[in-house]
Amino acid sequence: MNMNNFRLALLPLALALAGCTLAPHYQRPALPVDAKYDQATPVGNVADLPWQNFFTDATLRNLIQLSLDNNRDLRVAALNVQEAQQGVTVQRAALMPSINATASQTSAHEPANLYNTKTSGAVTYHELNSGLSVTSWELDFFGRLQSLSDQAQETYLSSAATERATRISLIAEVATAWLTLSSDNDLLHLAQHTAQSQQESYRLTKLSYDGGASSDQDLAQAESTVRAAQADVASYTRQVRQDVDALRLLVGTDLPATLLSHATLDANWQFPATPAGLPSDLLTRRPDIMAAEHTLKAANANIGAARAAFFPSITLTASGGSTSSSLGSLLGGGTGAWSFMPSINLPIFDGGKNQANLNIAHIEKRIEIADYEKAIQTAFKEVNDALAGQDTWQDQLTALQQEVGANQRDYDYSVLRFKQGVDNYLNVLVAQRSLYSAQQSQISAHLGQLSQKITLYKALGGGWKS
């Protein structure tokens, strides 16, 4: 084909381009990096902030409040606290005597000559009793009951701290789930816009192919980009639906009808910054560490109870009141009655049961010590990881923003050179793919940068005071 014929073949494409240029690629709002992603002014330890002050997005705050009101895991944790609290009452009651008021009547009739004596006639007996009784009051000389009470108290405090840890985790999970939904929703919109743009590119390539100016390979390349974008649309559509289901499970109730319309990372996200040099003892406020500490104390109290089982147990049973044959004289003089029955239980041979229980208590304490140390190590790791991500995520996001800008310019130049007949359309498709990939990476990095701030807030034990 000579040059004139080539120009005639390009005429339909040139006319099409004159009527409608290549669809501009999807661009997220271009806000300055500092205005959009930079942290707020440091406010001290962010862990001291209630979650309502840390999360300023109205939709997110509404979702968090709904989850605190309806999440089933948090509800179970709160009920476990109530159960442990009642266990404390039960164990403390064992330290005090149980006093019961009693009243009884006994009537018996004996027939005449029951004992084969001619002088005995029929007799009816009536006996009335009333009084107060103390049933099985154990004198805690060796601290067994007090140790069990201390164990119940520490178990209750551990449950309460676990409930606070569950609350903090729930807040962080809801916030992260909301950001994930927003990110996938942005990726879906990007894929939809890219699919539309590439569909238009394919139409123009097909028009050029019909005019003999494009090859089979050009048409196949254009079609492959369309199909890939359509596959991404289907994938992100599925992911958004799954994100909504996951968020609904966390919240525990129906989500707002306008949820998806607000699900985007293109918002003015501002999280309070964490200054450098925070003291390490801040980690002692983490509820999971507090729970592990109380569990360790409970295990130590259990050792005291197991050791006390080797000593004698002294139990008192007593009662006092009045006894009479008639109700009228029940409270009269000479009707007083009492009983006192102390008992001592001295363990002599139990087949090694008490020793085994003591050994188990010591082993449980060693287990709880290891768990406590692991909780502290985990806390330091989580905080260090979150702090390490503060600057690196910001640097990565800034670099990706600049990469998107560079790819956008490359795409624009490729389109311009193609329109002027300098390059073929394959270069446009390559530039378009690179821009699409860079925009996807930018959205993912933005999600990572925001999620890292939430992770740090959780790692420092933030929000539990409220």
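The basis for the numbers below is simple: all heavy atoms, side chains too, and nothing from hydrogens, waters or symmetry mates. The residues of the chain are indexed from 1 along the displayed sequence.
The side-chain heavy atoms of Gln65 and Asp69, taken from C-beta on, include a pair separated by under 4.5 Å. The shortest side-chain heavy-atom distance between His294 and Thr155 does not fall under the 4.5 Å cut-off. Side chains of Glu403 and Asn407 form a contact here, defined as non-hydrogen atoms less than 4.5 Å apart. Side-chain atoms of Arg241 and Val244, non-hydrogen and from C-beta on, never get closer than 4.5 Å to each other. At least one side-chain heavy atom of Lys374 sits under 4.5 Å from a side-chain heavy atom of Gln377. Counting heavy atoms from C-beta outward, Asp232 and Leu190 have side chains that stay 4.5 Å or more apart. At a threshold of 4.5 Å between non-hydrogen side-chain atoms, the residues Gln199 and Gln196 do not count as touching. Leu260 has its side chain within reach of Leu181: a pair of non-hydrogen atoms, C-beta onward, lies under 4.5 Å apart.
The closest donor-acceptor contact from the side chain of Ser224 to the backbone of Gln221 lies under 3.5 Å. Between the Arg227 side chain and the Thr225 main chain, no donor and acceptor come within less than 3.5 Å of each other. With hydrogens and angles disregarded, a donor-acceptor distance shorter than 3.5 Å links the side chain of Asp186 to the backbone of Leu265. Side chain of Ser235 to backbone of Ala231: no donor-acceptor contact under 3.5 angstrom is found. Judged by distance alone, with hydrogens and angles left aside, the side-chain atoms of Asp410 form no donor-acceptor pair with the main-chain N or O of Ala406 at under 3.5 Å. Judged by distance alone, the side chain of Ser158 and the main-chain N or O of Ala291 form a donor-acceptor pair under 3.5 Å. Not one N or O on the side chain of Ser183 forms a donor-acceptor pair closer than 3.5 Å with the backbone of Leu179. Listed for the Arg286 side chain is a donor-acceptor partner under 3.5 Å among the backbone atoms of Ala459.
The neighbour count for Glu83 CD, taken as heavy atoms of other residues, nucleotides or ligands under 6.0 Å away, does not exceed 12. Residue Arg72 qualifies as enclosed at atom CZ: its count of foreign heavy atoms under 6.0 Å is above 12.
The aromatic rings of Tyr457 and Phe54 lie parallel to each other, their planes meeting at an angle below 30°, with 60° marking the opposite boundary.
A salt bridge between Glu368 and Lys365 is absent, with no side-chain N of the basic residue lying under 4.0 Å from a carboxylate O of the acidic one. Looking at Arg409 and Asp412, no side-chain N of the basic residue comes within less than 4.0 Å of a carboxylate O on the acidic one, giving no salt bridge.
Just one of Leu68, Asp73, Val251 meets the side-chain contact (heavy atoms from CB on, under 4.5 Å) condition when paired with Leu170; it is Leu68. Thr398 pairs with exactly one of Gln401, Gln394, Gln402 by the side-chain hydrogen bond (donor to acceptor under 3.5 Å, both in side chains) rule, that one being Gln394.
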Residues Phe271, Thr56; criterion side chain to side chain contact (heavy atoms under 4.5 Å, CB included); working and verdict: CA-CA 8 Å; Phe271 291 121; Thr56 58; over 6 Å; no
Would Thr295 and Glu154 count as a side chain to side chain contact (heavy atoms under 4.5 Å, CB included) here? Give the steps. CA-CA 6 Å; Thr295 301; Glu154 296 300 333; over 6 Å; no
Worked verdict on Ser197 versus Gln432 for side-chain hydrogen bond (donor to acceptor under 3.5 Å, both in side chains): CA-CA 10 Å; Ser197 175; Gln432 193 174 41; 3.1 Å; yes
Pair Leu74, Arg167 - check side chain to side chain contact (heavy atoms under 4.5 Å, CB included), show working. CA-CA 6 Å; Leu74 184 60; Arg167 181 180 296 267; 4.0 Å; yes
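Taking CD of Gln408 as the start and CG of Leu435 as the end, the distance is 5.0 Å to the nearest 0.5 Å. To the nearest 0.5 Å, atoms CD1 (Ile376) and CG (Asp288) are separated by 10.0 Å. In this structure, the separation between NE2 on His446 and CH2 on Trp269 is 8.5 Å, given to the nearest 0.5 Å. One distance of note links CD1 of Ile64 with CG of Leu250; it measures 11.0 Å at 0.5 Å rounding. In this structure, CH2 in Trp178 is found 8.0 Å from CG in Asn185, a value given to the nearest 0.5 Å. A distance of 4.5 Å separates CD of Gln153 from CG of Leu157, quoted to the nearest 0.5 Å.
Ser159 and Glu163 share no side-chain donor-acceptor pair at under 3.5 Å. For the residue pair Tyr236 and Gln440, a side-chain donor N or O sits within less than 3.5 Å of a side-chain acceptor on the partner.
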